[in-house]
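Step one of this worksheet: look at the structure below.
Both backbone and side-chain heavy atoms feed into the values below; hydrogens, waters and symmetry mates do not. Just so you know, these numbers come straight off a predicted model, no measurement behind them. Letters A, B, ... are given to chains in the order of the sequence lines, protein chains preceding strands, and every chain is numbered from 1.
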Protein chains: 2
Amino acid sequence: MRPEALKGHLDALILAVVSSGPLHGYAIIEELKQRSGGTLALPEGTVYPALHRLEAAGLLASSWAEKARRRRVYRLTAKGRRELGVRRGEWREFSTVVEAVLA
Amino acid sequence: MRPEALKGHLDALILAVVSSGPLHGYAIIEELKQRSGGTLALPEGTVYPALHRLEAAGLLASSWAEKARRRRVYRLTAKGRRELGVRRGEWREFSTVVEAVLA
DNA sequence: ACTTGACACCTAGCAATGCTAGGTATACGA
DNA sequence: TCGTATACCTAGCATTGCTAGGTGTCAAGT
């Protein structure tokens, strides 16, 4: 899969993963790999900046884990949850349109 | 729909539209609007550069229409037809993955 | 005759974003 | 001890859709 295919949709995927419960960055990468059956093996250089972007936008909030390894744990904010809903709707519309044109 | 959603998928949409028969640029824009039920109202500044890109990549070929208005008519090359097949497959995979993660 | 709008093409420069490639550091098993 | 996995980070690049501007033709309305 070309990397460009993901553009504009990564944020929604991350929000969806974090909506199941707080996760740290590395675990988010693993979870994306898992849920996609291995297809979505995103490099850290893709995901970490995206997390910072989402936090700056107020859609995620983070804190350093007290124990164990140095981990920044992200959780969904109320705004992030609303945005996830919007993005899911947008995905519906987008995929419907693409299907219609490609068919 | 955010414009970024389209990124990386526009080429496939254009190839699909042209695969039904040669069309000039403006008509391609109209056809995309039509097939998407009005959702895909793409500005010329998006489509024309994309057409040049696709022609430079050897996926489309063009010629000026002899009669009537000044029109550059695009048609699919053999390479373009193959690429369209690849892109359709890629879309399948991509949308499956997104569904799996968003669900 | 003039004006408006649709048709039809083009491009420079911008903004967003995923990736490459590099860096740092800890923990654990061979 | 040495490699591998875990875990974080960033600068700079390449791609790409869009904005905003430009040119010109043609038909219809006033």
Side-chain angles (χ1 to χ4, degrees), chain A residues 1-15 18 22-34 36 39-57 59-60 62-74 87 90 94 97-98 101, chain B residues 1-15 18 22-34 36 39-57 59-60 62-74 87 90 94 97-98 101:
Chain A
M1 207 177 66
R2 287 168 314 109
E4 298 89 44
L6 192 58
K7 274 196 184 177
H9 302 282
L10 175 61
D11 290 3
L13 299 183
I14 291 177
L15 291 176
V18 177
L23 278 179
H24 65 279
Y26 200 86
I28 291 172
I29 293 174
E30 292 302 307
E31 187 63 19
L32 283 169
K33 205 182 298 177
Q34 202 92 39
S36 67
T39 304
L40 236 47
L42 304 183
E44 304 176 0
T46 291
V47 176
Y48 287 122
L51 291 172
H52 300 162
R53 195 163 64 218
L54 290 167
E55 182 166 26
L59 307 178
L60 293 180
S62 78
S63 48
W64 288 100
E66 300 296 323
K67 44 188 65 173
R69 275 215 175 90
R70 181 171 153 263
R71 284 174 171 174
R72 188 182 281 278
V73 178
Y74 290 89
R87 295 303 188 94
E90 191 183 271
F94 175 70
V97 160
V98 173
V101 176
Chain B
M1 207 176 66
R2 287 168 313 107
E4 299 87 45
L6 192 59
K7 274 197 183 177
H9 302 282
L10 175 61
D11 290 4
L13 299 184
I14 291 177
L15 291 176
V18 178
L23 279 179
H24 65 279
Y26 200 86
I28 291 172
I29 293 175
E30 292 301 307
E31 186 64 19
L32 284 169
K33 206 181 299 180
Q34 202 92 41
S36 67
T39 305
L40 236 48
L42 303 182
E44 304 175 359
T46 292
V47 176
Y48 288 121
L51 290 172
H52 302 162
R53 196 164 63 218
L54 290 168
E55 182 165 28
L59 306 179
L60 293 180
S62 77
S63 48
W64 287 101
E66 301 296 324
K67 45 189 64 175
R69 276 216 174 87
R70 181 171 154 264
R71 285 173 171 175
R72 186 182 284 279
V73 178
Y74 292 89
R87 294 303 188 93
E90 190 183 272
F94 176 69
V97 160
V98 174
V101 175

**Prompt:** Starting at CD of E30(B) and ending at C1' of dC9(C), how long is that distance when rounded to a whole Å?
**Reply:** 14 Å
**Fill in**
The answer to which of R72(B) and T46(A) contacts DNA chain C further toward the 5' end, by nearest nucleotide, is R72(B)
**Atom-to-atom span, NE2 of H9(B) to P of dT16(D) - whole angstrom** = 11 Å
**Message:** Can you work out whether A50(B) or P49(A) has the more 5'-proximal nearest nucleotide on DNA chain D?
**Reply:** P49(A)
**Prompt:** In whole angstroms, how far is the P atom of dG17(D) from the CZ atom of F94(A)?
**Reply:** 10 Å
**Prompt:** Can you tell me how far P of dT16(D) sits from CD1 of I14(B), to the nearest Å?
**Reply:** 11 Å
**Prompt:** Is the shortest heavy-atom distance from the side chain of V97(A) to the side chain of F94(A) under 4.5 Å?
**Reply:** no
**Asked** With no angle test and no hydrogens, is the base of dT15(D) tied to the side chain of K7(B) by a donor-acceptor pair under 3.5 Å?
**Response** no
**Asked** With sequence neighbours excluded, what pairs up with E90(A) under the side-chain hydrogen bond (donor to acceptor under 3.5 Å, both in side chains) test?
**Response** R2(B)
**Prompt:** Rounded to whole angstroms, how far apart are CG on L54(B) and P on dT15(D)?
**Reply:** 14 Å
**Side chain of R53(A) (C-beta onward), nearest among dC18(D), dG18(C), dT20(C)** = dG18(C)
**Prompt:** Taking C-beta and beyond as the side chain, do M1(A) and L40(A) meet within less than 4.5 Å on heavy atoms?
**Reply:** yes
**Complete:** Taken to the nearest whole Å, CZ/R2(A) to C1'/dT17(C) is 15 Å
**Prompt:** Hey, what do you get for CZ (R72(B)) to CG (L23(B)), rounding to the nearest 0.5 Å?
**Reply:** 15.0 Å
**Message:** Given dC19(C), dC18(D), dC9(D), identify the nucleotide with an atom nearest to the side chain of L42(B).
**Reply:** dC18(D)
**Item:** salt bridge (charged side-chain N to carboxylate O under 4.0 Å, His left out) contacts in which one or both residues fall within residues 40-50 of chain B, not counting sequence neighbours
**Value:** none
**Prompt:** Name the one of V73(A), I29(A), L51(A) that satisfies side-chain contact (heavy atoms from CB on, under 4.5 Å) with H24(A)?
**Reply:** V73(A)
**Whole-Å distance separating the CG atom of L51(A) from the P atom of dC19(C)** = 13 Å
**Item:** Integer-rounded Å distance: dT11(C) C1' and E55(B) CD
**Value:** 16 Å
**Message:** Just N and O in the side chain of Y48(B): are any of them under 4.0 Å from OP1 or OP2 of dC9(C)?
**Reply:** yes
**Request:** Check whether any side-chain N or O of H52(A) sits under 4.0 Å from OP1 or OP2 of dT10(D), and answer yes or no.
**Result:** yes
**Prompt:** How long is the gap from CD1 on I28(B) to CG on L13(B), to the nearest 0.5 Å?
**Reply:** 11.5 Å
**Request:** From the options dT15(D), dC10(C), dT6(D), select the nucleotide whose nearest atom is closest to the side chain of E4(A).
**Result:** dT15(D)
**Complete:** Going 5' to 3' through nucleotides 21-30 of chain C and flagging B where a protein heavy-atom sits under 4.0 Å of the base, S where only the sugar-phosphate is that close, and - otherwise, we get B----BS---
